[in-house]
**Student:** 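Please find one structure pasted underneath; my questions will follow.
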Amino acid sequence: MPRPAITIAVRAARAAGNVILRYQNRVEGLAVVEKQRMDFTSEVDRLAEAEIIREIRRAYPDHGILAEESGEVAKGRQTWVIDPLDGTHNYLRGIPHCCVSIALLERGEPVIGVIFDPLRNDLFIAGKGDGAFVNDRRIRVSKREGLPGAMLATGFPWRQRAHLDVQLNMVRAMLTEAEDLRRSGSAALDLAYVACGRFDGYFEIGLKPWDLAAGCLLVREAGGRYSDFAGREGLPASGNVVAGNLAVSKALVDTIKPLAPPALLRA
């Protein structure tokens with residue numbers, strides 16, 4: 001995939017991954033801040049983000065940056081969306097499931113997506129129109145024909161506990177047909193796993209752009225579809241997302257829509 005921006009994104013993701021690995025066995029001594037109730041960040045998040053921004057700034061000083069820890073660093077027609085450590089809670093507890101997520105948006109739509117799991121050395125890459133890959137191997141979404149037998153993924157973010165009863169009703173409805181459901185603690189990796197067929201489908205409430213952008217592009221370039229809970233395509237401003245192959249994503253929307261209150265179906 002020859003696009004120079006992909007090379008820069010990969011370089012930035014690996015630099016951030018090196019920070020994550022460096023502190024992996026020293027998490028007890030990390031400075032940790034509770035940004036909001038049950039929403040933690042560590043010095044690893046901040047150091048990894050600084051590495052990413054430095055690489056991007058060096059190559060593209062005029063591009064905008066929207067980063068989880070530092071907020072909107074700059075605006076631009078082309079904007080990099082960065083999550084330096086998706087799965088911070090896992091990382092701080094020694095659970096080996098986290099990643100770096102970097103996407104480039106043009107006019108609000110992802111055109112480059114890179115997700116790097118430094119603990120497994122899995123590098124997921126997607127470019128608009130160029131397909132999706134993991135470790136240089138082309139990937140495709142699963143061939144599941146609907147919810148029967150599907151392996152699904154979701155999350156229960158603390159910000160959305162007001163919708164917990166609704167989400168549990170969704171889970172209950174899905175599990176009448178699906179094989180099982182996983183809650184991994186990393187939205188970006190959940191989407192990457194949908195893209196390569198490890199999961200058949202995914203849904204979650206109230207995510208942020210840095211959680212979604214790279215993973216959604218991976219799903220689309222792997223032959224799948226992502227939408228909001230009402231089935232509208234594109235990165236959902238609401239953060240309420242559904243992803244999977246065409247059949248599974250439709251089945252998820254069809255299951256969710258009758259159960260979701262109007263607030264969760266808004267664009």
Side-chain angles (χ1 to χ4, degrees), residues 1-17 52-53 55-67 76-84 86 99-118 120-144 153 186-202 207 209-228 232-236 241-249:
M1 302 180 71
R3 294 191 184 188
I6 291 179
T7 301
I8 298 302
V10 169
R11 185 183 302 158
R14 288 197 179 278
I52 296 168
I53 292 174
E55 292 289 346
I56 291 171
R57 275 277 168 264
R58 185 181 301 152
Y60 300 107
D62 298 328
H63 284 193
I65 292 178
L66 177 61
R77 185 177 66 87
Q78 294 175 304
T79 300
W80 293 89
V81 180
I82 300 164
D83 191 338
D86 188 52
C99 69
V100 181
S101 179
I102 303 172
L104 176 62
L105 306 188
E106 288 186 354
R107 298 183 179 89
E109 287 299 315
V111 295
I112 287 172
V114 171
I115 292 174
F116 180 48
D117 176 351
R120 296 179 181 84
N121 200 29
D122 278 345
L123 179 65
F124 297 86
I125 300 174
K128 184 177 180 181
D130 295 331
F133 301 80
V134 59
N135 301 331
D136 297 322
R137 177 177 58 84
R138 186 178 288 273
I139 55 176
R140 299 290 294 177
V141 291
S142 77
K143 297 180 180 180
R144 185 72 53 187
S186 171
L189 277 178
D190 285 344
L191 287 162
Y193 283 14
V194 170
C196 68
R198 296 174 187 174
F199 291 142
D200 298 301
Y202 168 75
L207 295 176
W210 46 78
D211 300 315
L212 292 169
C216 282
L217 181 64
L218 278 161
V219 169
R220 187 175 68 194
E221 290 299 317
R225 181 179 185 271
Y226 62 89
S227 72
D228 66 10
R232 291 178 288 256
E233 293 189 350
L235 286 182
V241 67
V242 166
N245 68 27
L246 300 185
V248 172
S249 61

**Student:** Under 4.5 Å between any side-chain heavy atoms of Asp130 and Ile125, yes or no?
**Tutor:**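 No, too far: nothing below the 4.5 Å cut-off.
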**Student:** Applying salt bridge (Lys or Arg N to Asp or Glu O under 4.0 Å), run through Asp190 and Arg198 and close with a yes or a no.
**Tutor:** CA-CA 9 Å; Asp190 285 344; Arg198 296 174 187 174; over 6 Å; no
**Student:** What I'd like to find out is whether the side chain of Glu233 reaches to under 4.5 Å of the side chain of Tyr226, using heavy atoms alone.
**Tutor:**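 When only atoms from C-beta onward are counted, Tyr226 and Glu233 do not touch, as no gap falls below 4.5 Å.
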**Student:** Classify the side-chain pair Ser101/Asp86 by whether it contains a donor and acceptor separated by less than 3.5 Å.
**Tutor:**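 On atom types as modelled, these side chains do not qualify, holding no pair under 3.5 Å.
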**Student:** Asp117: what forms a side chain to side chain donor-acceptor pair (under 3.5 Å) with it, not counting sequence neighbours?
**Tutor:**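 Expected list: Arg120.
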**Student:** Going through the distances and angles, do Cys99 and Phe116 end up as a side-chain contact (heavy atoms from CB on, under 4.5 Å)?
**Tutor:** CA-CA 5 Å; Cys99 69; Phe116 180 48; 6.0 Å; no
**Student:** Would you name the heavy atoms of Ile52 and Pro84 that are closest together and state the gap between them?
**Tutor:** CD1-CA, 4.0 Å
**Student:** So, taking the atom named CD1 in Ile56 and the one named CD1 in Ile102, what distance separates them when rounded to the nearest 0.5 Å?
**Tutor:**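 Ile56 CD1 to Ile102 CD1: 5.5 Å, rounded to 0.5 Å.
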**Student:** To the nearest 0.5 Å, how far apart are CG in Leu207 and CG in Leu212?
**Tutor:**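 Rounded to the nearest 0.5 Å, the CG-CG separation comes to 4.5 Å.
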**Student:** List for me each residue that meets side chain to side chain donor-acceptor pair (under 3.5 Å) alongside Asp83, sequence neighbours excluded, and say none if there are none.
**Tutor:**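 None.
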**Student:** Check the pair Val241, Ser227 against side-chain contact (heavy atoms from CB on, under 4.5 Å), reporting the backbone distance first and the verdict last.
**Tutor:** CA-CA 6 Å; Val241 67; Ser227 72; over 6 Å; no
**Student:** I need the minimum non-hydrogen distance between Asp200 and Ser142, along with the two atoms involved.
**Tutor:**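 Scanning both residues completely, I find the closest heavy atoms to be OD1-OG, 2.6 Å.
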**Student:** I would like to know whether Leu123 and Ile115 meet side-chain contact (heavy atoms from CB on, under 4.5 Å); could you show each step before the answer?
**Tutor:** CA-CA 6 Å; Leu123 179 65; Ile115 292 174; over 6 Å; no
**Student:** For Gly64, does its backbone N or O pair with a side-chain atom of Arg77 as donor and acceptor, under 3.5 Å?
**Tutor:**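 Not confirmed, Arg77 side chain does not pair with Gly64 backbone.
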**Student:** Flag the pair Asn121 / Arg14 as yes when at least one side-chain heavy-atom distance between them is below 4.5 Å, and no otherwise.
**Tutor:** yes
**Student:** Please check: side-chain N/O of Glu55 versus main-chain N/O of Ala12, any donor-acceptor pairing under 3.5 Å?
**Tutor:** no
**Student:** With a 4.5 Å limit on heavy-atom distance, are the side chains of Phe133 and Ile139 in contact?
**Tutor:**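 They are not in side-chain contact.
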**Student:** Considering all heavy atoms of both residues, which atom of Ala195 and which atom of Ala222 are nearest to each other, and what is their separation?
**Tutor:**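 Looking at all heavy atoms of both residues, the closest pair is O-CB, 3.2 Å.
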**Student:** Side-chain contact, heavy-atom cut-off 4.5 Å: Asn245 with Arg140?
**Tutor:**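 Side chain of Asn245 against side chain of Arg140, heavy atoms only: no contact under 4.5 Å found.
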**Student:** Atom CD1 of Ile8 and atom CZ of Arg11: how far apart are they, to the nearest 0.5 Å?
**Tutor:** 4.0 Å
**Student:** To the nearest 0.5 Å, how far apart are CD in Glu221 and CD1 in Ile112?
**Tutor:** 11.0 Å
**Student:** After noting the C-alpha distance and the side-chain angles of Ile65 and Ile53, does the key distance pass the side-chain contact (heavy atoms from CB on, under 4.5 Å) rule?
**Tutor:** CA-CA 8 Å; Ile65 292 178; Ile53 292 174; 3.9 Å; yes
**Student:** Can you name the closest pair of heavy atoms from Val111 and Arg3 and give their distance?
**Tutor:**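 So the two residues come closest at O-NH1, 3.7 Å.
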**Student:** Quick check: does any side chain N or O of Tyr60 sit under 3.5 Å from a backbone N or O of Ala5, one acting as donor and the other as acceptor?
**Tutor:**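 Looks like yes, one N/O pair under 3.5 Å.
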**Student:** Going by heavy atoms in the side chains, are Leu191 and Leu218 under 4.5 Å from each other?
**Tutor:** no
**Student:** With the side chain counted from C-beta on, respond yes when Val242 and Asp228 share a heavy-atom pair under 4.5 Å apart, and no when they do not.
**Tutor:** no
**Student:** To the nearest 0.5 Å, what is the distance between NZ (Lys128) and CD (Glu106)?
**Tutor:** 7.5 Å
**Student:** Is Ser249 close to Arg225 at the side-chain level, that is, under 4.5 Å between some pair of heavy atoms?
**Tutor:** yes
**Student:** With sequence neighbours left out, what residues match Phe199 under ring pair (Phe, Tyr, Trp, His ring centres under 6.0 Å)?
**Tutor:** Tyr193
**Student:** Nearest 0.5 Å, what's the CH2-CG distance between Trp210 and Leu66?
**Tutor:**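 CG of Leu66 is found 5.5 Å from CH2 of Trp210.
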